[in-house]
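Proteins come first, then strands; the chains are lettered A, B, ... in the order of their sequence lines, and each starts at number 1. The analysis underlying the following values was restricted to heavy atoms, covering all of them including side chains, and did not include hydrogens, waters or symmetry mates. This structure is a prediction, so every number in the text was calculated from the model and none was measured.
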Amino acid sequence: MHDGNVRRGVGASMLRLEDDRLLRGKARFVADIKMPGMLEVAFVRSPVAHARVRGVGKPAGHEDKVIVSADLKGVSGIRADSGLTGFKSSIEPILAFDKVRFVGEPLAACLAQTRAEAEDIAELVGLDLDTLPAISEMTKACDTDAPLIHESWSENVFLETLVDTNFAAADKADVRISRTLRTARQSMAPIEGRGVVAYWDAHVEQLVVYSSTQMPHIVRNGLAECLGIPQGMIRVIPPDVGGGFGYKGVLLREEVCLAYLAMQLRRPMRWVEDRREQLTGNANCREHHYEITGYANRDGTLVGIDCDAIVDSGAYSLYPFSACLEAAQVASILPGPYKLEAYRCRTRSIASNKPPILPFRGVARTGVCFAIEIMMDALAREIGMDPVAFRLKNLVQPTEMPFTNITNKYFDSGDYPEALGRAAAAVDMQSLQARRQLSTPNKKIGIGFAIYCEQGAHGTSVYHGWGIPMVPGFEQANARFTPDGGLELRVGVQSHGQGLETTLAQVACEILGIDARKVKLVHGDTALTPYSTGTWGSRCMVMAGGAVAAACDTLAGRMKSIAAHLLQTDPSEIILADDKASSGSREISIAEIAKVWYRRPQDLPANMDPAGLEVTQGYKPKKDTGTFSYGAHAAVVEVDTKTGAVEILDYIIVEDGGVLINPMVVDGQIYGGAAQGIGTALYEEMPYDVDGQPLASTPADYRIPGSVEVPRIRLDHMETPSPLTRFGQKGLGEGGAIAPPAAIANAVNDALAEYAVEMLELPITPTRIRESLSRARASS
Amino acid sequence: MKPAPFAYQAVPSAKDARAYLASPDAKAIAGGQSLGPMLNLRLARPALLVDIARTRDLRGVLEDGDVVTYGAAVTHADIEDGRVPDATPGWLRNAARHIAYRAVRNRGTIGGSLAHADPAADWVNIMTALGAMVLISGPHGDRSISMEQFILGPYATALAAGELISGVRVLRRSAKAQWGYAKFCRKEGDFAQASAAVLIDPERGEQRIVLGAIERAPACIPDPEAFLSGRLSADDVVAQILPERDEASRALHAAMLEQAHAMAFGGAVK
């Protein structure tokens, strides 16, 4: 749809409407909110990973400013069970009282006029802790002498699952190879950390909680459950949210604690997480360990996969995703975009003395893609086949779409071989040969590939089986014209950097012909928006986009009826475009239609449909198993065998996100995701010592790639429409972060092939490379 | 991550700084790029911060024949941008350009860097390689000592209570001198994990080689000639200095030494 000569509907690469505010420093985040009489909260956090709590002593003179567990009367801990058989339950206390189970767990809240004074008080709080042995390495969590994280459990395992689909058929394969693979524990690092402001609004007798969250309606569910008050007494408002990535897809103990204190003390309370809290207490994602065997025939057929995967799920099960989502997802997505006939996967969600796990952009896919793609390269080497040719032979073919794979994933559409072929063709082999000849003997060049598919916007049929506190269902949106012809959209998802204020406006523009710049998106606020599970799982453009489209479809019909009356024609003759309704040469502006409806009803006939220019409509895709976007990544790296440094010389991504609502926003999603994937591949790691102490407590130790470390990424798009969604769009918010570790690891391993060195542990640091080369030299 | 309470006093002159630093638990702050985070983490808890960032007599540079003296509060950016003279044919300016990030360089000072004595810091290793003298001003008068005497170990210096670095004195080097400095950082602006400096000044008959970022004071290798003549390899030199390290760790330091050496001789960096 065009607005004058500028296209602003579906498919337009328009600049983001929210960027004026965000880029000029005019946005309002939690830390920008100040209220009269507001108290700042600093939490006293456990300095040890595992201990029995003998006492938390309030310092003399500050008794009323220090809140401990016993002060939280009638407040329940946070419980997020899975309904899967055998799941062991844990309860996160709002403030720990009997045991602490990881470094950073909150024990007390200290209140003062300023954060510095609150921290002064926090220093004085006396902790009487009996330290217990800690589990800091998941592979040792099930040893016979391992301490129990939760003493009522029989072993430190939240859940064990086993999938066996025709695994016996693997026996007949020509070759089998096994690897042990490992990914590091990471800390998600949005620019803005978490933060909460809570106050009691006496006028409406309501608790108002500002929180930097991805899922305000889910937070309200959780707050009501923990505080034991009706949901109508709670309003959750996310202000501007500076990045999420899954870090803010959770009900926080801090949210519950501040909400309770604001209600009890009738004073506004604020807590803003600092980097030290974030790094030392919340490194909470990505840590997988695989014992994996691949089976193939010498003709290049991938026969099967056998895997024993464990995930370090940390100390508690978090609300709403639970402790088992990540590991159980490993089993369901490990086969990736490949066909195979034999499959077995055992998974265990391990409890440890580390922060409880949260799903980070891509969730298990980043680890899984690394695992399967390392095996694809290793199998290709074993049977002497080119790694691209081996993949092409085993990918689901476009003629087979839609395809139900060995774990019952329903791939809706796509051409996986084309994506991989394009990525391979984009690698400039000639210039690489030239560089190879010029470079010194210690510089080795390698090329690596990875391909994945990404389930997005998966709905009820996928989630109800987990039995966790949240099941996505039907998504609603509200759309209403204002009397001056502007449009307000209300959605329960929360934009935290994705550009939804722009892309959902583009959806409205496509249907209503309204200038996207006249569309105002109201999102997140539970008092103003329809219920939604929120922004996660690459679901917004499919679900909220679908709901906005549905609401606008209805609004369009009503607009046309009014316009038809005013233009004296039939509604079916009306076209909505360019901010006006027209029929042949006659036209009337949208603003005029809205003005007549709201302010000059006398101009309308008595039999006009009274429903008006405000609509709430719901949406669910034709099939809610999810869209499958996919991408092929090619990495070209140069490894310095003296220093172990890895330089990314070229990076190519071929992505298929179906119909793109705003290609520029999509590019941004992919670039940002890939930067995080490069972090997973080469930089990010939160090491713990044997006592469970986190060893990277500042950003100087926990390395996140900066602009210099992220290469210019070459992007190519395919657009295979999803048959399931409103415009053919697919969720793709996570894809960029999924494949880089796999592609880069394969490239490094290609570069080091002559030394018979394989890097099988993430991140691939210079030290690990030098150590591997040193070991290889010693053994040769 | 807010500092514990402290008193604060900005001072106009080094003399005032000395007076305030005489009080118990007083600490000088210039750019605050190292001390700031330590304060926020409550690892440093001074009773009084004496701010010397705008102290005029610590911000100047004196040129006197063959000697250039940098005031302690000269910033990395002052050197990077050429606002102050470079005693060398561009080595200091080039090194300054690669210290941390521009925001750090805008405030961070040469004196602060030396006083903090992070073993990975650029000035700590470069000034050692250049044989610089540290000028110290204190309650019992002024003194100057060599960098090797000044840096005692990681974050440990010869500064006594109440003393202040007033400047650092560097001998001029001509274009005939050869210089190489290499460091290995995980990412741009990161602390070095290994560094090496090579100086050969035929006019002064000087040969100095320093290994840095070795978790102790910079190591001046005892017999540079053996390496420069090729009798000892970089691996040999590093093995002498760091016998306790494993091969993989030594390899990185050896690679930096080779790079610094190649740079000093104008060769391609290997």
Side-chain angles (χ1 to χ4, degrees), chain A residues 40 42 112 114-120 122-123 193 272-280 438-443 640-646 678-679 682-685 697-710 763 765-778, chain B residues 1-6 8 33-34 36-43 45 98 100-104 116 118 120-121 182-196 213 233-235 238 245-262 267-270:
Chain A
E40 296 278 356
T114 67
R115 174 66 178 250
E117 290 165 288
E119 290 185 18
D120 292 344
E123 278 194 327
V272 177
E273 179 185 62
D274 66 31
R275 279 293 164 205
R276 192 169 169 81
E277 287 179 293
Q278 180 237 334
L279 282 171
T280 55
L438 286 174
S439 64
T440 52
N442 57 308
K443 299 281 180 79
D640 184 330
T641 56
K642 287 192 172 180
T643 63
V646 174
I678 288 167
L682 298 174
Y683 297 98
E684 295 187 41
E685 177 173 24
S697 59
T698 72
D701 310 303
Y702 187 86
R703 290 184 181 82
I704 299 165
S707 54
V708 178
E709 285 73 44
V710 178
T765 61
T767 302
R768 288 198 171 103
I769 288 179
R770 291 197 311 275
E771 285 172 351
S772 295
L773 287 167
S774 176
R775 275 195 301 273
R777 272 194 295 273
Chain B
M1 258 180 70
K2 303 289 182 192
F6 58 84
Y8 171 88
Q33 297 306 292
S34 300
M38 309 249 303
L39 289 167
N40 282 342
L41 295 169
R42 300 195 173 206
L43 294 172
R45 310 179 67 117
H98 296 286
Y101 309 93
R102 179 70 198 194
V104 170
H116 185 56
D118 185 323
K183 62 175 174 174
F184 184 81
C185 302
R186 285 292 310 283
K187 52 182 277 198
E188 184 72 25
D190 210 348
F191 287 103
Q193 295 189 329
S195 68
S233 70
D235 288 328
V238 173
R245 301 279 187 98
D246 63 21
E247 187 200 356
S249 166
R250 292 203 304 252
L252 187 64
H253 293 276
M256 290 308 102
L257 177 53
E258 286 175 358
Q259 275 187 23
H261 181 240
V269 174
K270 283 178 195 155

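- Taken from CZ in B:Phe191 to CG in A:Asp701, the straight-line distance is 9.0 Å, to the nearest 0.5 Å.
- In this structure, B:Arg186 and A:Thr765 have side chains that are in contact, with non-hydrogen atoms separated by less than 4.5 Å.
- For B:Glu188 (side chain) and A:Val708 (main-chain N/O), no donor-acceptor pair under 3.5 Å exists by modelled atom type.
- Between A:Arg777 and B:Glu247 a salt bridge is recorded (basic side-chain N to carboxylate O distance below 4.0 Å).
- Neither the backbone nor the side chain of A:Ile769 comes within contact range of chain B; no heavy atoms are under 4.5 Å apart.
- Scanning both residues, B:Ala251 and A:Arg770, for their nearest heavy atoms gives CB-CD, 4.2 Å.
- Ranked by heavy-atom pairs under 4.5 Å with chain A, the first of B:His253, B:Arg45, B:Gln193 is B:Arg45.
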Salt bridge (charged side-chain N to carboxylate O under 4.0 Å, His left out) between B:Arg42 and A:Glu123, worked out = CA-CA 10 Å; B:Arg42 300 195 173 206; A:Glu123 278 194 327; 3.1 Å; yes

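- Only the side chain of A:Thr698 comes within less than 4.5 Å of a heavy atom in chain B; its backbone stays farther off.
- Summarising the geometry of B:Lys187 relative to A:Pro705, their closest heavy-atom pair is NZ-C, 4.3 Å, with the distance given to 0.1 Å.
- The shortest heavy-atom contact between A:Asp120 and B:Pro3 is OD1-O, 4.5 Å.
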Walk me through it: do A:Glu117 and B:Lys2 pass the test salt bridge (charged side-chain N to carboxylate O under 4.0 Å, His left out)?
-> CA-CA 9 Å; A:Glu117 290 165 288; B:Lys2 303 289 182 192; over 6 Å; no

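- Listed options A:Arg703, A:Arg276, A:Glu709, A:Glu771 were ranked by heavy-atom pairs under 4.5 angstrom with chain B; first place goes to A:Arg703.
- Contact of the A:Thr643 side chain with the B:Met256 side chain is registered, since non-hydrogen atoms from C-beta on lie closer than 4.5 Å.
- Separation of atoms CD (A:Glu119) and CG (B:Asn40) is listed at 8.5 Å; rounding is to 0.5 Å.
- Neither the backbone nor the side chain of A:Arg775 comes within contact range of chain B, judged by heavy atoms closer than 4.5 Å.
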